[in-house]
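The block underneath contains the structure these notes are about, expressed in C-alpha cells.
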Protein chains: 2
Amino acid sequence: MDELKQLLKINKLKATPIRLAILDFIKNSSTPLNELDLRSLLNKSFKNKMTKSTLYREFKTLSQLSLIKELVFKDGIRRYEFGNHHCHHLICSNCSTVTHLVLEKDLEKLEAKIKRNTNFKISFHTLEFYGLCPSCSL
Amino acid sequence: MDELKQLLKINKLKATPIRLAILDFIKNSSTPLNELDLRSLLNKSFKNKMTKSTLYREFKTLSQLSLIKELVFKDGIRRYEFGNHHCHHLICSNCSTVTHLVLEKDLEKLEAKIKRNTNFKISFHTLEFYGLCPSCSL
DNA sequence: TGACAAATGCAACTAAGTTGCATTATAATT
DNA sequence: AATTATAATGCAACTTAGTTGCATTTGTCA
C-alpha cells in the first residue's frame, strides 16, 4: 500500500483513502473494473458514501497520468485496469472474464506493414478476441 | 436500389422507404454512421419525422441479419457499416475519419497461435489502429 | 497549526439507447 | 382491387452511463 502512496506522490496526487482504495482494487483485480464494480466494492469500506462523480473524476485523473488504463469493449462500457503496459484481451461472451495476451511483437510487424502502405501515423491500437473461455466452452 | 429491395426480400424484411434509405445511406457512406449521423441525413428526406427509436430498432434488425455491422470504437458509440465482411480500421483521432484495412491473413495466424496456446474458443475479433490520418498529420 | 489547493458529495443535468403501446403501412391472398 | 395479418413506425416515458457546478471537507506542506 505504501507503493501506491509513493506512486501518487510522484504524480503529485493526494493520497486520500478513496483514491488509495480505488487504485488498490483496480491493481488487485484479475479483470478490468467499471464504475459499478468499483462502487459496490468501495461502498463496503466507505459506509455507502461513494458517489459516481468521484469515481468518474478519479478515472479521468488516474488514466490521464497513466496510472490506470481505460478499455472499451463491444458493450461500450468503460473499464479500467492497472498500469499502462499495452496488451490485448480475450473476452468471454458468456461470463465476461477478461484474459490478457501479449502479442506485441506480432503487432509491431503489422504496424510496420501499415506504415509502409499508408501515410497514417499510428499512435496506438486495440486488439480484442471475443469468444468462449475454457470453462464456458465445456 | 432494386438490389437493396432484393436483399430485404431474401431476408424477409419489408421494403419500407425508411429502411431502404437507412441501408442506402450506410451502403454509400465512406465512414461508418451512428444514430445521429443517420437521423440528420434522413430528416432531410422525411420532413423531420425520424425518431431515434426507429433507428435503433433498425440497427438491431439489420445487424442481426448481418446486413450491416456494428462497430464500437474507444468513444463507446455504436456505428454501423454496410455488409458483414470482416475488416480492421484506421481511426483518425483528429477528424474521426475511418479507413478500412484488410489484414485477415495476418490475423488468422495470430488466432491460430492463440488457439495453440489457450483453450479459448475465439468467435471473432476487433483490431483498430488510432492515430492521425494523412491530411491531419501534415 | 494554519492556509491553500485538491478532493469529495450532492444534485441536477446530458446523451445514448430501450420499451410499451397505439397507429400505420407493406405484402401476400382472395 | 379489397382484405387482412403482420411488420414497421411514432410517440412518450424510461433507463443508464457519464458530466458538471457549487459548496464543503481533507490532505499537504510551509
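Nothing here was measured: the structure is a model prediction, and the numbers come from that model. Numbers restart at 1 for each chain; the letters A, B, ... are given by sequence-line order, proteins then strands.
Five base pairs at each end of the helix from dT1(C)-dA30(D) to dT30(C)-dA1(D) define two local axes, and these are offset by 30° (rounded to 10°).
Rounded to an integer number of Å, the gap from Glu58(A) CD to dA7(C) P is 7 Å. In this structure, Leu20(B) places its CG atom 12 Å from P of dA8(D), rounding to the nearest Å. One interatomic measurement links the two molecules: CG of Asp37(B) to P of dA16(C), which rounds to 11 Å at whole-angstrom precision. Regarding Lys74(A), its NZ atom lies at a distance of 17 Å from the C1' atom of dA16(C), rounded to whole Å. Computed from coordinates, the Gln64(B) CD to dT18(C) P distance equals 11 Å when rounded to whole Å. Computed from coordinates, the Phe46(A) CZ to dT25(D) P distance equals 18 Å when rounded to whole Å. Taking atom CE on Met50(A) and atom P on dA11(C), their separation rounds to 15 Å, with Å as the unit. One interatomic measurement links the two molecules: CG of Asn11(A) to P of dG27(D), which rounds to 19 Å at whole-angstrom precision.
Between Pro32(B) and Arg79(B), the shortest heavy-atom distance links the atoms CB-CB, 3.8 Å.
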Applying salt bridge (charged side-chain N to carboxylate O under 4.0 Å, His left out), run through Glu35(A) and Arg78(A) and close with a yes or a no. CA-CA 8 Å; Glu35(A) 185 266 331; Arg78(A) 280 141 224 263; over 6 Å; no
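Side-chain N or O atoms of Asp75(B) include one that pairs as donor or acceptor with a backbone N or O of Ile77(B) at under 3.5 Å. Judged by distance alone, the side chain of Asp24(B) and the main-chain N or O of Leu20(B) form no donor-acceptor pair under 3.5 Å. A donor-acceptor pair is defined here as one N or O able to donate and one able to accept, closer than 3.5 Å; no such pair exists between the side chain of Asn43(A) and the backbone of Ser40(A). A donor-acceptor contact shorter than 3.5 Å links the side chain of Lys74(B) to the backbone of Glu70(A). Side-chain atoms of Thr118(B) come within 3.5 Å of backbone atoms of Ile114(B) as a donor-acceptor pair (strictly under, hydrogens ignored).
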Side chains of residues 89-99 of chain B: which donor-acceptor partners sit under 3.5 Å, not counting sequence neighbours?
from	atom 1	to	atom 2	distance (Å)
His89(B)	ND1	Glu128(B)	OE1	3.0
His89(B)	NE2	Glu81(B)	OE1	3.2
Ser93(B)	OG	Gly131(B)	O	3.2

At under 4.0 Å between heavy atoms, how does the protein contact nucleotides 23-30 of chain C? Give one character per nucleotide, 5' to 3', with B, S or -. --BBS---
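The salt bridge (charged side-chain N to carboxylate O under 4.0 Å, His left out) pairs that include a residue from residues 42-52 of chain B number zero, where partners must be two or more places apart or lie in different chains.
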I'd like a table of atom pairs between the protein and nucleotides 16-21 of chain D - only N or O on both sides, under 3.5 Å - with the distance next to each one.
from	atom 1	to	atom 2	distance (Å)
dG18(D)	OP1	Arg78(A)	N	3.3
dG18(D)	OP1	Arg78(A)	NE	3.0
dG18(D)	OP2	Tyr56(A)	OH	2.9
dG18(D)	N7	Lys52(A)	NZ	3.2
dG18(D)	O6	Lys52(A)	NZ	2.6
dT19(D)	OP1	Lys60(A)	NZ	3.3
dG21(D)	O6	Arg57(A)	NH1	3.2

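Between Phe124(A) and Tyr130(B), the ring-plane angle classifies as parallel under the 30° and 60° cut-offs.
For Lys115(B), the side-chain contact (heavy atoms from CB on, under 4.5 Å) test picks out no residue, with sequence neighbours left out.
Phosphate contact (OP1/OP2 of dT8(C), side-chain N/O of Thr54(A), threshold under 4.0 Å): absent.
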